K.L.:
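My structure is below; once you've seen it, I'll send some questions.
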Amino acid sequence: MTARRRILQGFLTAAAVAVLSPFINLIGYFYRKEETSVRRQKIANLKELSPGSYIYFSYPATGDSKVDNDPFRQYVLIMTRDGQLRVYSRVCVHLWCLPAYIPTRGQMICPCHGSIYREEDGVAVDGPAAYQSYPTNALPMGRIEVDENGDIWMVGIEGRIGYGREWHALKPEDLVKKV
Amino acid sequence: MSYGSKTMRELISNLWKWTVDRLERTTIVVYKFTVPKQYVSPFGFLGTLTAIVFAILGVSGAFLMFYYRPDVELAYLSVQEIQEKVPFGFIMRNIHYHASNFMVFLAILHLYYQYFSGRYKIKNEVLWVTGIVLGVLTVLEAYTGYNLIMNQRALLAVNIGMGLTYSAPLLGPSVAPILLGGGLFDLVIRFYALHVFILPLIMLLLAAVHFPRALVIDFPIISAVVGVIFISAGLFPAELGIKFDLTRGIVEVPEWYLTAIYAFLRSGTERFTAGALLPLLFVILFLIVPFVDKSRKLSWRDRPFFTGLGIASIALIAITTVWGFYVDFTKETAFDQLYIEPTVFYGTIGLVTLASFYATYLYMSRMRRPTRPTPTKPVILSPRASANIILVLLVLIALAAAATFYTYSVNLPNHSMFYLGISFFLFGLLLHVYRHALYTGERLRAQREQRAETIAQ
Ligand code: FES
């Protein structure tokens with residue numbers, strides 16, 4: 001092959017790469033934007049809560065009831081009995097049923113096979129979910145911010161819904177920020 | 001040139017010739033279709049049969065799309081509508097469902113027949129590798145398909161699938177959201193796209209590479225296979241299951257081609273290892289077989305190690321598949337009912353593997369050198385006997401067809417499917433006897449002519 005020919009081929013390859021490179025952004029098409037970017041959503045105000053109270057809500061809320069009712073968007077905001085704020089995904093990491101928060105026990109209990117999660121860190125302490133190996137034995141948590149007005153905002157998710165959370169890595173109180 | 005004076009028959013045959021001439025310009029002539037004049041063992045063309053079942057799935061699936069709604073809440077209801085309200089819907093769904101089972105089953109048979117007869121060797125490596133990939137895609141296609149119903153069984157399967165994807169090292173966490181999207185409402189649409197378009201498209205492209213040039217189209221067997229699909233649909237009609245409900249415990253096991261993986265998952269082993277790595281190991285084993293087994297020997301008799309491996313894999317598939325179905329209801333909690341003691345499970349797997357190899361080697365050492373198989377004398381029916389059998393079959397088919405119509409009209413679609421299957425099966429038999437009659441007739445004529453010639457000399 002002559003040198004000139006090799007140079008021309010190099011140009012051709014470079015041109016092809018240049019033309020095709022923008023398609024790298026195609027990757028983004030396969031993800032819903034809201035799953036990959038931070039989204040602030042107001043959940044409640046501190047005034048509405050007292051120890052042992054809770055609010056179910058969907059995140060990110062869209063106003064489309066089909067989307068908002070999806071189990072993978074169901075969360076619960078809890079003020080634990082000792083006054084801590086926590087947000088958990090409601091999808092049981094066992095087989096995706098929706099556990100309910102029981103204030104008197106300070107636990108979330110799954111109706112399907114009876115997995116029990118602690119209110120303070122969302123880790124399963126009993127039932128099938130508790131037998132699952134780390135990190136698939138804890139509910140994903142919501143990252144929240146509390147502003148000076150006492151408004152509580154959800155700003156992101158820690159963990160994978162319906163799968164688990166690496167709860168050794170981050171303490172639950174690190175996910176609650178005062179701003 | 002005028003066709004005016006010619007009869008209809010000639011016109012059609014001219015049109016046919018005209019078309020065939022022009023087909024020379026297309027790729028279709030690359031394939032050599034053979035319609036056997038005599039019975040040949042269906043094991044040799046299991047691939048073609050699998051492809052035909054795939055075509056049946058394509059057609060019935062396309063019709064199901066007329067009513068199916070890929071929506072998290074409506075999906076189940078639309079399948080229920082197809083099953084209970086749409087005329088012929090019950091049968092359409094059952095054709096699709098049972099054909100999918102048969103496709104998986106035929107593909108497995110095809111794999112093992114080719115494996116034991118050493119067909120993956122000697123320039124067939126590409127055929128073999130594409131075949132294995134097609135097999136995996138077939139299972140994925142079936143998996144995405146039964147999830148579309150959004151019943152409890154579907155949710156269990158989706159749950160397991162998502163869990164496995166998430167637990168995959170490196171890629172898992174970024175691949176899983178592609179399947180899941182923003183939640184189940186996205187997932188069902190994405191699975192739908194995969195099931196009806198993306199996966200079948202890939203399969204078709206691979207099949208274009210996988211097809212050898214000579215294809216056997218054997219109508220009697222095809223008809224019989226279609227018959228068996230219908231008969232099994234009539235005997236075991238597909239169930240709708242319970243609509244998924246996130247407040248009720250799932251009491252389900254996966255479809256039979258996935259219970260093996262389910263058994264591994266239930267053995268308390270780390271999720272990804274049990275549910276993905278071990279099955280993958282199995283697939284990889286098959287993928288590399290042609291590159292490891294380099295000998296020029298084809299028959300399973302001359303390859304004891306690979307025969308042993310094949311036997312072991314069959315035994316393992318059978319045992320883990322059955323084990324996956326097993327639920328111990330004497331235990332109290334759902335977890336204990338499903339739990340499989342790993343030492344027992346993996347111990348059994350080890351033992352079965354060893355036993356398979358041992359049995360193979362033992363059999364081979366005891367085996368007498370294969371003497372030439374004494375040719376079995378083929379049954380030859382006189383033309384008259386053939387005609388009588390065909391007549392009897394015709395009457396039976398008419399009865400079966402009448403029963404098909406009658407049971408359909410009194411709203412017993414599963415009985416109707418059963419009789420439909422019977423008539424297809426009998427039709428296959430009729431085609432076979434018909435072919436036999438033509439063939440022996442030809443031979444008799446040839447013999448007679450030869451005799452006449454010798455007498456004349
Ligand atoms: S789904 Fe929650 S315990 Fe099984």
Side-chain angles (χ1 to χ4, degrees), chain A residues 26-36 39 58-62 64-74 89-100 109-115 124 126-137 140 157 159-166, chain B residues 69 71-74 150 152-168 172-190 193-194 244-252 265-266 268-274 332-339:
Chain A
L26 180 70
I27 298 283
Y29 183 83
F30 297 104
Y31 298 92
R32 275 215 179 252
K33 189 109 194 311
E34 65 212 26
E35 307 303 316
T36 50
R39 211 185 123 128
S58 54
Y59 173 89
T62 60
D64 176 341
S65 66
K66 174 135 298 152
V67 174
D68 290 352
N69 287 335
D70 198 276
F72 278 68
R73 294 171 168 249
Q74 305 307 311
S89 155
R90 283 193 66 206
V91 184
C92 181
V93 292
H94 178 226
L95 286 177
W96 295 353
C97 290
L98 299 179
I109 300 182
C110 182
C112 288
H113 317 97
S115 286
D126 201 3
Y131 289 110
Q132 291 179 177
S133 61
Y134 177 85
T136 62
N137 57 353
I157 304 161
R160 300 169 217 161
I161 304 166
Y163 181 72
R165 170 169 53 99
E166 275 149 24
Chain B
R69 293 165 192 242
D71 175 292
V72 65
E73 288 302 324
L74 300 179
M150 291 308 254
Q152 286 203 333
R153 173 177 275 198
L155 254 273
L156 174 68
V158 171
N159 177 290
I160 292 175
M162 291 302 301
L164 283 178
T165 320
Y166 266 136
S167 62
S174 43
V175 171
I178 296 180
L179 296 173
L180 185 64
L184 293 181
F185 71 98
D186 261 353
L187 177 130
V188 64
I189 302 180
R190 292 175 181 208
L194 281 169
F244 90 92
D245 175 350
L246 295 180
T247 57
R248 279 168 72 160
I250 291 179
V251 272
E252 273 292 353
L265 283 172
R266 287 164 42 186
T269 324
E270 197 275 317
R271 203 188 297 214
F272 187 71
T273 316
E332 208 175 296
T333 65
F335 184 81
D336 289 335
Q337 286 175 356
L338 290 175
Y339 184 68

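Everything quoted here is computed from the prediction, not taken from an experiment. Per chain, numbering begins at 1; letters A, B, ... match sequence-line order. Every heavy atom of this structure was used, including side-chain atoms; hydrogens, water molecules and symmetry mates were not.
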K.L.:
When only pairs under 4.5 Å are counted, which of A/Y131, A/W96, A/F30 shares the most heavy-atom pairs with chain B?
P.N.:
A/W96
K.L.:
Counting heavy-atom pairs closer than 4.5 Å to chain B, which one of A/T136, A/I27, A/L98 comes out on top?
P.N.:
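Highest number of heavy-atom pairs under 4.5 Å: A/L98.
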K.L.:
Going by heavy atoms in the side chains, are A/S133 and B/R271 under 4.5 Å from each other?
P.N.:
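They are not in side-chain contact.
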K.L.:
Report yes or no: does B/N159 contribute a side-chain atom to a donor-acceptor pair with the main-chain N or O of A/H94 at less than 3.5 Å?
P.N.:
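Such a contact is found between B/N159 side chain and A/H94 backbone.
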K.L.:
Take atom CZ of B/F272 as the centre, draw a 6.0 Å sphere, and report whether it contains more than 12 heavy atoms from other residues, nucleotides or ligands.
P.N.:
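Check passes, neighbour count above 12.
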K.L.:
Which atom pair, heavy atoms only, marks the closest approach of A/D70 to B/G183?
P.N.:
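That would be OD1-CA, 3.4 Å.
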K.L.:
Taking the side chain as every heavy atom from C-beta outward, state whether A/K66 and B/D71 have any pair of such atoms under 4.5 Å apart.
P.N.:
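Sidechains of B/D71 and A/K66: in contact.
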K.L.:
For A/R32 versus B/G181, what's the shortest heavy-atom pair and its separation?
P.N.:
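A/R32 and B/G181 have their closest heavy atoms at CG-C, 4.4 Å.
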K.L.:
Of the non-hydrogen atoms in A/C97 and B/T247, which two are nearest, and what is the gap between them?
P.N.:
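Reported closest heavy-atom pair: SG-N, 4.5 Å.
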K.L.:
Identify the two heavy atoms, one from B/G163 and one from A/Y163, that lie closest to each other, and give their separation to 0.1 Å.
P.N.:
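Taking B/G163 first and A/Y163 second, the nearest heavy atoms are O-CE1, 3.4 Å.
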K.L.:
Please check if atom CZ in B/R69 has more than 12 non-hydrogen atoms from other residues, nucleotides or ligands closer than 6.0 Å.
P.N.:
no
K.L.:
Name the region of B/L180, side chain, backbone, both or neither, that has any atom closer than 4.5 Å to a heavy atom of chain A.
P.N.:
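For B/L180, the contact with chain A is made by the side chain alone.
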K.L.:
Closest heavy-atom contact between A/F72 and B/G182?
P.N.:
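The pair with the smallest heavy-atom distance is CB-O, 4.4 Å.
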K.L.:
Could you measure the distance from the CZ atom of B/F185 to the CG atom of A/D68? Nearest 0.5 Å is fine.
P.N.:
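With rounding to 0.5 Å, CZ (B/F185) is 8.5 Å from CG (A/D68).
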K.L.:
In Å, rounded to the nearest 0.5 Å, how long is the span from CG of A/L95 to CG of B/L156?
P.N.:
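A/L95 atom CG to B/L156 atom CG measures 6.0 Å (nearest 0.5 Å).
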